[in-house]
Amino acid sequence: MLLYHGSYLEIKHPDILHSRKNVDFGRGFYTTPLLEQATKWCEKYKDKKLASVLSIYRFDETAYNTCKVLKFDTYSEQWLDFILQCRKGNDTSDYDVVMGGVANDRVFNTVELYYDGLIAKEEAIKRLRFEKPNYQIAFRTQHVIDEYLHFERSEPL
């Protein structure tokens with residue numbers, strides 16, 4: 001499977017050390033199988049007058065046979081709980097790979113309303129059902145990146 005990562009530089013050797021904490025699926029290297037989504041990720045760098053580089057990887061899906069994977073097929077109560085734990089820095093899970101929807105600006109507004117106690121969980125899930133999810137795959141352990149995620153090339157945008 002081809003995966004994309006949008007950045008301001010080419011990333012031939014992704015590593016966990018340079019990832020941020022308290023994001024959707026916790027510390028990890030984030031990719032997407034959606035070219036359009038990765039291209040949009042690059043736009044924020046263009047806005048800052050930085051380079052925009054799309055790094056392209058081949059993911060060896062045999063990883064699913066040996067890795068601990070969490071996959072969210074839709075925005076759900078479980079997705080919402082996991083996102084909140086990760087964004088608060090309280091994730092203690094040991095997943096190698098987490099896959100699912102992105103908490104983009106529109107989605108995150110709903111998540112914040114729930115987090116702040118302004119809407120109930122049921123209302124948050126109801127609102128999220130109407131959002132078309134983008135898709136991200138977070139590689140959360142270095143050994144999975146090293147063994148199963150192979151850099152193919154990069155393209156300036």
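Along the sequence shown, residues are numbered consecutively beginning with 1.
- Qualifying salt bridge (Lys or Arg N to Asp or Glu O under 4.0 Å) partners for Glu152, counting only residues two or more places apart in sequence or in other chains: Arg58.
- Between Phe72 and Gln78 the shortest side-chain heavy-atom distance falls below 4.5 Å.
- Not a single salt bridge (Lys or Arg N to Asp or Glu O under 4.0 Å) links Glu61 to another residue, sequence neighbours left out.
- One hydrophobic cluster, built from ILVMFWY side chains closer than 4.5 Å, cannot hold both Met1 and Leu35; they sit in different ones.
- For the pair Trp79 and Phe25, the minimum side-chain heavy-atom distance is below 4.5 Å.
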Return all side-chain donor-acceptor pairs below 3.5 angstrom for residues 12-20, not counting sequence neighbours, or 'none' if the list is empty.
residue	atom	partner	partner atom	Å
Asp15	OD1	Leu17	N	3.0
Asp15	OD1	His18	N	2.9
Asp15	OD1	His18	ND1	2.8
Asp15	OD2	His18	ND1	3.0
Ser19	OG	Ile16	O	2.6
Ser19	OG	Arg27	NE	3.3
Ser19	OG	Gly28	N	3.4

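- Residues passing the ring pair (Phe, Tyr, Trp, His ring centres under 6.0 Å) test with Phe139, sequence neighbours excluded: Phe59.
- Clustering of Ile, Leu, Val, Met, Phe, Trp and Tyr side chains at separations under 4.5 Å leaves Trp41 isolated, with no partner residue.
- Lys71 NZ: 12 or fewer foreign heavy atoms inside a 6.0 Å radius.
- Annotation: side-chain contact (heavy atoms from CB on, under 4.5 Å) contacts of Ser93 (sequence neighbours excluded): Phe82, Asp91, Tyr95, Arg140.
- One hydrophobic cluster holds both Tyr64 and Ile145 under the rule that ILVMFWY side chains link at heavy-atom gaps under 4.5 Å.
- Evaluation of the side-chain contact (heavy atoms from CB on, under 4.5 Å) rule for His150 yields Asp60 as partners, not counting sequence neighbours.
- Residues meeting the side-chain contact (heavy atoms from CB on, under 4.5 Å) test with Asn90, sequence neighbours left out: Gln85, Lys88.
- Scored by the salt bridge (Lys or Arg N to Asp or Glu O under 4.0 Å) test, Asp94 finds Lys68 as partners (sequence neighbours excluded).
- With a 4.5 Å cut-off on side-chain heavy atoms, His143 and Asp96 count as touching.
- When each of Leu3, Val144, Ile137 is checked for a side chain to side chain contact (heavy atoms under 4.5 Å, CB included) with Leu149, only Leu3 meets the rule.
- Residues satisfying the side-chain contact (heavy atoms from CB on, under 4.5 Å) criterion with Ile56, sequence neighbours excluded, are Leu2, Tyr4, Leu54, Arg153, Glu155.
- Under the ring pair (Phe, Tyr, Trp, His ring centres under 6.0 Å) criterion, Tyr45 pairs with Tyr8, not counting sequence neighbours.
- When all heavy atoms of Ile11 and Tyr57 are compared, the pair lying nearest together is O-OH, 2.6 Å.
- Between Ser154 and Val53 the shortest heavy-atom distance is CB-CG1, 3.8 Å.
- Taking the side chain to side chain donor-acceptor pair (under 3.5 Å) definition, one finds that Glu147 meets it with nothing, sequence neighbours left out.
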